Amino acid sequence: MLSNIRIVLVQTYHPGNIGQAARAMKTMGLSDLVLVNPRQFPDSEASRLAAGAEDIVDAARVVASLDAAVDDCVQVVGASARLRSLPLPHYDEPEAMAQTLIERAENDPVALVFGRERFGLTNDEIRRCTHQVSIPANPDYGILNLAQAVQVLAYETFKAWRQRPASSYRPARPRSERAPTREQLDHFHAHLSRVLADSGFLTQPHARTEAQLEALFARAQPSRKELSLLRGLLKALEPTAKDA
């Protein structure tokens, strides 16, 4: 579904903004970037400011007109900082826009269109869209740069996608914070049992005591990092236990 969501940048002046927009896209799972008559592209500045999203910059398509960028799309949303007196549906909230966009993207391409850095999209370009959207901001200073605007709308779109039950989205967790495997737990409990026996805490088999300790750690649900810390503690105690 996310692969059906296209970001279109019209006549971008600074190539670095293309790279920053690509970076904003990649953080939100978007990859389809189309450039309409950029002033300068390809450019090393675009790749440099992509900062890890160079693949999106490298795969960007350059076209000669907005029509060429969106002709195959079933919904085209133009981002505009100001209200236009045009008979187009207007989303006052990006969240509402994103929910509709995601629904349309389930089966067909859709597009989010962004204009020039200094003055955005022209009225004629807005007319080529099916909808408009504005980003609510401080009325005394509601200026977002191009990459910021892409980031906000890409985030709302990604949020709408991940909140769908069918997305199966799961936040990435560092390996150390994940739950330990059954094998790792078995090694820990065997280690704990040896230290308890060597220390004299268990002078004879105490299956009930060990079972209670296993239950305690099962309730605590230590992460892999925490389990490693406990193993280090047991290892540090082992020489003392053997010398006792």
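All figures in this text were calculated on a predicted structure; none of them were measured in a lab.
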Asks: What is the distance from atom CE of M97 to atom CD1 of I135, rounded to the nearest 0.5 Å?
Replies: 8.0 Å
Asks: Could you tell me whether the side chain of Q20 reaches within less than 4.5 Å of the side chain of Q148, counting heavy atoms only?
Replies: no
Asks: Starting from the C-alpha separation in whole Å, work towards a yes-or-no answer on side chain to side chain contact (heavy atoms under 4.5 Å, CB included) for R208 and Q212.
Replies: CA-CA 6 Å; R208 182 173 176 80; Q212 289 176 329; 3.8 Å; yes
Asks: If Ile, Leu, Val, Met, Phe, Trp and Tyr residues are connected whenever their side-chain heavy atoms lie under 4.5 Å apart, and connections chain through other members, are L88 and V113 in the same group?
Replies: yes
Asks: Do you know the tightest heavy-atom contact between P94 and P136?
Replies: CD-CD, 3.5 Å
Asks: Looking at E106 and R164, is any side-chain nitrogen of the basic one under 4.0 Å from a carboxylate oxygen of the acidic one?
Replies: yes
Asks: Short question: side chain of K26, backbone of I56 - any donor-acceptor pair under 3.5 Å?
Replies: no
Asks: Do you reckon Y13 sits in the same ILVMFWY cluster as V57, going by side-chain contacts under 4.5 Å, direct or chained?
Replies: no
Asks: Are the side chain of T157 and the backbone of L153 linked by a donor-acceptor contact shorter than 3.5 Å?
Replies: yes
Asks: In this structure, would L49 and M25 fall into the same cluster of hydrophobic residues linked by side-chain contacts under 4.5 Å?
Replies: no
Asks: Show, in sequence, the C-alpha distance, side-chain angles and deciding distance for I126 and S80, and conclude whether the side chain to side chain contact (heavy atoms under 4.5 Å, CB included) test is met.
Replies: CA-CA 8 Å; I126 286 288; S80 178; 4.3 Å; yes
Asks: Can you tell if the side chain of L101 reaches within under 4.5 Å of the side chain of Q75, non-hydrogen atoms only?
Replies: yes
Asks: Main chain of H14, side chain of E117: is a donor-acceptor contact present, judged purely on distance under 3.5 Å?
Replies: yes
Asks: Do L144 and I18 sit in one hydrophobic cluster, given that two such residues count as connected whenever their side-chain heavy atoms are within less than 4.5 Å of each other, even indirectly?
Replies: yes
Asks: Any sub-3.5 Å donor-acceptor pair from S134's side-chain atoms to D92's backbone N or O?
Replies: no
Asks: Would you compute the distance between atom OG of S65 and atom CG of N37 and round it to the nearest 0.5 angstrom?
Replies: 8.0 Å
Asks: Is the closest side-chain heavy-atom distance between H187 and R231 below 4.5 Å?
Replies: yes
Asks: Supply the atom-to-atom distance Q163 CD to Q99 CD, rounded to the nearest 0.5 angstrom.
Replies: 7.5 Å
Asks: Rounded at 0.5 Å granularity, tell me how far OG in S228 sits from CZ in F188.
Replies: 11.0 Å
Asks: So, for A21 and A147, which heavy atoms are closest and what is the spacing to 0.1 Å?
Replies: N-CB, 4.1 Å
Asks: Minimum heavy-atom separation for L121 to F114, with atom names?
Replies: CD2-C, 3.9 Å
Asks: Show your reasoning for whether side chain to side chain contact (heavy atoms under 4.5 Å, CB included) applies to V10 and L66.
Replies: CA-CA 7 Å; V10 177; L66 179 57; 4.2 Å; yes
Asks: Could you check whether any side-chain N or O of E238 sits under 3.5 Å from a backbone N or O of A236, counting only pairs where one atom can act as donor and the other as acceptor?
Replies: no
Asks: Could you pull out the closest heavy-atom pair between L196 and L213, with the gap in Å?
Replies: CD1-CD1, 3.5 Å
Asks: Do the side chains of Q151 and M28 get nearer than 4.5 Å, heavy atoms only?
Replies: yes
Asks: Among R39, R116, E125, find the one that has a side-chain hydrogen bond (donor to acceptor under 3.5 Å, both in side chains) with Q11.
Replies: R116
Asks: Below 4.5 Å, heavy atoms only, C-beta onward: do V36 and V8 meet side chain to side chain?
Replies: yes
Asks: Indicate yes or no: at least one non-hydrogen side-chain atom of W161 is less than 4.5 angstrom from one of I5.
Replies: no
Asks: Over all heavy atoms of both residues, which pair between A22 and A53 is shortest? Give the atoms and the distance, please.
Replies: O-CB, 3.7 Å
Asks: Examine L146 and I143 and state if one hydrophobic cluster contains both, with Ile, Leu, Val, Met, Phe, Trp and Tyr joined whenever side-chain heavy atoms are less than 4.5 Å apart.
Replies: no
Asks: Does a side-chain heavy-atom distance below 4.5 Å link F41 with T12?
Replies: no
Asks: If you measure from CZ on R224 to CG on L227, what distance do you get to the nearest 0.5 Å?
Replies: 10.0 Å
Asks: Any chance you could measure D32, atom CG, to L30, atom CG, to the nearest 0.5 Å?
Replies: 9.0 Å
Asks: Between the side chain of R6 and the main-chain N/O of V110, is any donor-acceptor distance below 3.5 Å?
Replies: no
Asks: Where does the angle between the aromatic ring planes of H131 and Y91 fall among parallel (under 30°), tilted (30 to 60°) and perpendicular (over 60°)?
Replies: parallel
Asks: Which atoms form the tightest heavy-atom contact between A154 and A24, and what is the distance?
Replies: CB-O, 4.4 Å
Asks: Is L9 close to P38 at the side-chain level, that is, under 4.5 Å between some pair of heavy atoms?
Replies: no
Asks: Could D186 and R182 be called an ion pair, given the rule that one side-chain N must be under 4.0 Å from one carboxylate O?
Replies: yes
